[in-house]
Visitor: 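Supplied in structure tokens, the structure appears directly below.
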Amino acid sequence: MSMEEQVIVRFPPSPSGYLHIGGARTAIFNWLFAQKTGGKFILRIEDTDADRSSEESVAGILESLKWLGVTWDEGPYFQSQFIAEHVAAAEKLVKSGHAYKCYCTKEQLDEKRREAKQKKLSLQYDGTCRNLRPEEIEKKEAAGTPYTIRLKVPSGDGFVGFKDIVYGIIEKKFEDIEDFVIVRSNGKPLYILSNVVDDIRDGITHILRGQDGLANTPKQILIYKALGTQIPKFAHMSLTLDTKKAKISKRTHGELVAVRFYREHGFLPWAFVNYLVLLGWSMPDAKEIFSKEELIEAFSLEGINRANAVFDVRKDDPKFFTDPKAISINTHYLRNLPIEEIEPYIKTELEKEGIWDPEFQGSKHEWFLRTIDLIRTRFHVTTDFGAAGRCYFSDDYLIDPKPLKKNILKHEGLKEWFPLLADRLEALEAFTLEETERAIREIAEELKVKAGILINGMRTAITGQPKGPGIFDVLIAIGQHRVVERLRKAVALFE
RNA sequence: GGUCCCAUCGUCUAGUGGUCUAGGAUAUCGGCCUCUCACGCCGGAGACACGGGUUCAAACCCCGUUGGGACUACCA
């Protein structure tokens, strides 16, 4: 592959907050495309809006990208360092006659727009300064009148057109595009210009971005043409909407759409990437779970859907804290990945809970892995290991009041039976699945109670939970000594 | 207001004129399993927005309507 043919893509977030799922999705698609084609992925921070940009935000975005496993080959570059270049490009356009200075003030423009709106006329700039006579310009210049720079959109019946890889042929008539501002009266360039100039400098070959950029593309193409440079290929992707069909945004959705929210709530990074990729992209064969290698292999721009996708997060849903499909994919990975791969995430979780024991990776390592394997089949997120799974890793666990009432307090007899169970289990020489089961069923028969009563009572006492793995597995996992201890302590629950 | 984009089960989607009484995933409901809860297995319900064309034949092509979205700033 020659240099000219190498794919170069970029992800240009503006650092005005955390990375949200829409941005993450765009980054992932760009990254995948670069991986797939052996191309280059550039990260560029568009920080020219100083008021809204912050270093914390940059750090947060990088952190989220790293967590997702989205790696970049170049950058991060900072747009603010190239402002002079952007302005120079605009000046070049003025010299070449592709742009002109506009001396209209903001107030004048607002007034014109207001009137036009009232008369239901076009809100476009009327081109006053485009048609200024040389002597008028001289006068304004001599007076030092502040000016903006506007691109001179070709006049006439023509149109700008391009073939979007996802949306197909898009055409826009010149008359529908106004002479838009590319440099402010304070000398600062506008995004639409900076973005193009940066893309030219970075040699971007494919612009893969959200569909919200679609309507601005004809304007940008006009800039490329005026600058006389090659026009990159465009591929716009569908947007991510909320359940009310509105574009998701930090403002209205807050933490719920932040990548870090999913990190904090126990998502495995790759599971989250896998879910995000499925929002607006698919394979004809309906495959949905992909390893990283498989996804890179399978990915193609042709699989991108044109219709917007809804991120099905149901706020206040007691059962799902986010899109059920996202959870189900995470669950899938949590249950099926080799334990060693999820081990680090569980360690992090237990450390967060303050119940990490270094021996889990030392003398208790075997046990640790086995226990994870035992309990993970009914967990959905890694935080479950520190919550419902807490009783396996720490003796300091809570007894859920509901099962306490239903499985323990309701059966007065357990007050006597717990110590008995403790004694008999303590006496077992082989604390195995078979032996514990035999012992417990024996006691049930002696006592003439249903084994289920004993079992559920024990489960609640030993794990604090109303549910969990088979009780005998639980006993083995927690261990003879701790089981006996917990059963004896359970008598106090009746007080 | 103007310009543009979009439209298949609740949600994510397959589908590019006949093989669609529309497939998968997830969610949901029922059953089996069972010490609980999951898993697993089996089964159920659930969609082509509407109206016109074109065609022997339309979810697929065209037009319109409706609905949704984006863009439209001296924000990025």
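Order of the sequence lines sets the chain letters (A, B, ...), proteins ahead of strands, with each chain counted from 1.
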Visitor: Could you tell me from which nucleotide to which nucleotide of RNA chain B, 5' to 3', there is an atom under 4.0 Å from chain A heavy atoms?
Guide: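 Under 4.0 Å from chain A, the extent on RNA chain B is B:rG1 to B:rA76.
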Visitor: Which base, if any, makes a Watson-Crick or G-U wobble pair with B:rA22, both distances under 3.5 Å?
Guide: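 The answer is none; no pair meets the criterion.
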Visitor: May I ask you to decide if the ring planes of A:Phe82 and A:His86 are parallel, tilted or perpendicular, using 30° and 60° as cut-offs?
Guide: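 Rings of A:Phe82 and A:His86: tilted, as their planes differ by 30° to 60°.
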Visitor: Regarding A:Pro469, tell me which of base, sugar-phosphate or nothing describes its non-hydrogen contacts under 4.0 Å with the strands shown.
Guide: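 Here A:Pro469 touches the bases of the nucleic acid.
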Visitor: Test: salt bridge (Lys or Arg N to Asp or Glu O under 4.0 Å). Region: residues 369-380 of chain A. Which pairs qualify, not counting sequence neighbours?
Guide: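 Sorted result for residues 369-380 of chain A: A:Asp373-A:Arg376.
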Visitor: Can you list, by residue number, the residues of residues 160-169 of chain A that have a non-hydrogen atom closer than 4.0 angstrom to RNA chain B?
Guide: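 A:Tyr167, in order of number.
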Visitor: Determine the Euclidean distance between corresponding C1' atoms of B:rG31 and B:rC60; express it in Å to zero decimal places.
Guide: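 Their C1' atoms lie roughly 38 Å apart.
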Visitor: Under 4.0 Å, counting only non-hydrogen atoms across every strand here, what does A:Arg459 touch: a base, just sugar-phosphate, or nothing?
Guide: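 Counting heavy atoms under 4.0 Å across all strands, the contact made by A:Arg459 includes a base.
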Visitor: Within the 4.0 Å heavy-atom criterion, would you say A:Thr148 contacts the bases, only the backbone, or no part of the nucleic acid?
Guide: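 Base: the residue A:Thr148, judged by heavy atoms under 4.0 Å, touches a nucleobase.
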Visitor: Assess, by modelled atom type and distance only, whether the side chains of A:Tyr77 and A:Asp198 contain a donor and an acceptor separated by less than 3.5 Å.
Guide: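 No, A:Asp198 and A:Tyr77 have no side-chain donor paired with an acceptor closer than 3.5 Å.
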Visitor: Using the P atoms only, state how far B:rC61 lies from B:rU8, rounded to an integer number of Å.
Guide: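 Between the two P atoms, the distance is 13 Å.
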Visitor: Report the base-pairing partner of B:rG43 (Watson-Crick or G-U wobble, both distances below 3.5 angstrom), or none.
Guide: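 Paired with B:rC29.
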Visitor: Kindly compute the distance separating NE2 (A:His20) from CZ (A:Phe261), expressed to the nearest 0.5 Å.
Guide: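 Result: 15.5 Å between the selected atoms.
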